[in-house]
Chemist: 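One structure follows; several queries about it will come next.
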Amino acid sequence: MSSDFMRQAIALALENIRKGGGPFAAVMVKNGAIVATGVNRVTTTNDPTAHAEIVAIREACRNLESFQLPDCELYTTCEPCPMCLGAIYWARPARVYYAGTASDAAAAGFDDAFIYDELQVPANERRIPMEELNRAEALVIFQEWLAKSDKTPY
């Protein structure tokens, strides 16, 4: 753990705000060296998935030529939202350090608690209704995947 990496993430977030972006940044570190950084680019790129952690994970994976980051540590300026948390678990870094909390983000207008709540609601009763369609036809996709002998599991 290094407070210096978190300070760099905080500096990136401040710079991003001043350039018109969101107030979040992340730094991915491997063996004591920064391998990627990310800032919130949601409004500057019109991409709702361009959160700082996602941007840093994507860059780190490209730079390290791997879809998993088991030897890395992520320093992020705020406790990860549900989307970023999912991406973090898929990327499998060794550890995550965060500065601000979800409550701090909510106080600044970034409240994602409703997403956690939505996960407990039946799919067809969610704010954005979700409905199963063509499941039987789609199962062939998983059957083909399971039969594939040269797949890369993840």
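Quick caveat: nothing in here was measured; it's all calculated off a predicted structure.
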Chemist: Are Leu69 and Met28 close enough, and set up right, to give a side chain to side chain contact (heavy atoms under 4.5 Å, CB included), and what steps lead you there?
Modeler: CA-CA 9 Å; Leu69 305 167; Met28 189 71 72; 3.6 Å; yes
Chemist: Determine whether a donor-acceptor pair (N or O, by modelled atom type, separation under 3.5 Å) exists between the side chain of Glu79 and the backbone of Ala102.
Modeler: yes
Chemist: Any heavy-atom pair between the side chains of Ile57 and Trp90 that's under 4.5 Å?
Modeler: no
Chemist: Run the side-chain hydrogen bond (donor to acceptor under 3.5 Å, both in side chains) test against Thr101 and tell me which residues pass, sequence neighbours left out.
Modeler: Asp104
Chemist: How long is the straight-line distance from OG1 of Thr37 back to CD of Glu59, given to the nearest 0.5 Å?
Modeler: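 Reported value, rounded in 0.5 Å steps: 5.0 Å.
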Chemist: Look at the side chain of Tyr75 and the backbone N and O of Ser3, then say whether any donor-acceptor pair between them is shorter than 3.5 Å.
Modeler: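 Between the backbone of Ser3 and the side chain of Tyr75 there is no qualifying donor-acceptor contact (under 3.5 Å).
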Chemist: Ignoring hydrogens, what is the shortest heavy-atom contact between Gln8 and Ile34? Give both atom names and the distance.
Modeler: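 Closest approach of Gln8 to Ile34, heavy atoms only: OE1-CD1, 2.6 Å.
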Chemist: Is Glu15 close to Arg18 at the side-chain level, that is, under 4.5 Å between some pair of heavy atoms?
Modeler: no
Chemist: For a side chain to side chain donor-acceptor pair (under 3.5 Å) check, start with the C-alpha distance between Tyr116 and Glu118, then their side-chain angles and the critical distance, and finish with the verdict.
Modeler: CA-CA 5 Å; Tyr116 288 106; Glu118 284 285 293; over 6 Å; no
Chemist: How many angstroms lie between CZ in Arg95 and SG in Cys72, if you round to the nearest 0.5 Å?
Modeler: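 Reported to 0.5 Å precision, the distance equals 13.5 Å.
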Chemist: Determine whether Met6 and Val96 fall in the same hydrophobic cluster, where Ile, Leu, Val, Met, Phe, Trp and Tyr are linked whenever their side-chain heavy atoms lie under 4.5 Å apart.
Modeler: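 No; tracing contacts between hydrophobic side chains, which count when under 4.5 Å, never links both residues.
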Chemist: Give the minimum heavy-atom separation between Gly20 and Thr43, together with the two atoms involved.
Modeler: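 Scanning both residues, the minimum pair turns out to be O-OG1, 3.9 Å.
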Chemist: Could you see if Val35 belongs to whatever hydrophobic cluster contains Ile88? Use Ile, Leu, Val, Met, Phe, Trp, Tyr and a side-chain cutoff under 4.5 Å.
Modeler: yes
Chemist: Using the rule that two of Ile, Leu, Val, Met, Phe, Trp, Tyr join whenever any of their side-chain heavy atoms come within less than 4.5 Å, decide whether Leu12 and Leu14 are in one cluster.
Modeler: yes
Chemist: Are the side chains of Cys78 and Phe24 in contact, using a 4.5 Å heavy-atom criterion?
Modeler: yes
Chemist: Can you tell me how far apart CZ (Arg126) and CD (Gln120) are? Round to the nearest 0.5 Å.
Modeler: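 CD of Gln120 is found 9.0 Å from CZ of Arg126.
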Chemist: Please report the shortest heavy-atom distance between Val39 and Ala25, naming the atom on each side.
Modeler: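 Taking Val39 first and Ala25 second, the nearest heavy atoms are CG1-CB, 4.0 Å.
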Chemist: Given side chain to side chain contact (heavy atoms under 4.5 Å, CB included), test Asn124 with Met130 step by step and report yes or no.
Modeler: CA-CA 5 Å; Asn124 64 338; Met130 300 181 183; over 6 Å; no
Chemist: At their closest point, which heavy atom of Lys148 faces which heavy atom of Lys151, and how far apart are they?
Modeler: O-NZ, 3.2 Å
Chemist: Compute the centroid of each ring, for Phe5 and then for Tyr97, and state whether the two points are separated by less than 6.0 Å.
Modeler: no
Chemist: Should Asp71 and Arg92 count as side-chain neighbours, where that means a heavy-atom distance under 4.5 Å?
Modeler: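 No, every pair of side-chain atoms sits at 4.5 Å or beyond.
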Chemist: Determine whether a donor-acceptor pair (N or O, by modelled atom type, separation under 3.5 Å) exists between the side chain of Asn16 and the backbone of Asn40.
Modeler: yes
Chemist: Can you name the closest pair of heavy atoms from Lys30 and Leu64 and give their distance?
Modeler: CD-CD1, 4.1 Å
Chemist: When you look at OH of Tyr89, are more than 12 heavy atoms from neighbouring residues, nucleotides or ligands closer to it than 6.0 Å?
Modeler: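 No, OH of Tyr89 has 12 or fewer neighbouring heavy atoms, counting only those of other groups under 6.0 Å.
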Chemist: Yes or no on side chain to side chain contact (heavy atoms under 4.5 Å, CB included) for Asp47 and Val42, after CA distance, side-chain angles and deciding distance?
Modeler: CA-CA 5 Å; Asp47 179 354; Val42 171; over 6 Å; no
Chemist: Is any side-chain heavy atom of His51 less than 4.5 Å from a side-chain heavy atom of Cys81?
Modeler: yes
Chemist: First locate atom OG1 of Thr152, then atom CG of Asp150, and finally report the distance between them rounded to the nearest 0.5 Å.
Modeler: 7.5 Å
Chemist: What's the verdict on side chain to side chain contact (heavy atoms under 4.5 Å, CB included) for Val55 and Arg41, showing C-alpha distance, side-chain angles and the deciding distance?
Modeler: CA-CA 8 Å; Val55 173; Arg41 296 180 182 163; 3.7 Å; yes
Chemist: Is the OH atom of Tyr98 crowded by more than 12 outside heavy atoms at less than 6.0 Å?
Modeler: no
Chemist: Grab the two heavy atoms, one from Ala56 and one from Leu74, that are nearest each other, plus how far apart they are.
Modeler: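 Taking every non-hydrogen atom into account, CB-CD1, 4.4 Å.
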Chemist: Determine, using the 4.5 Å side-chain heavy-atom cutoff (strictly less than), whether Ile10 and Ile17 are members of one ILVMFWY cluster.
Modeler: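 No, it is not one cluster - the side chains of Ile10 and Ile17 are not joined through contacts under 4.5 Å.
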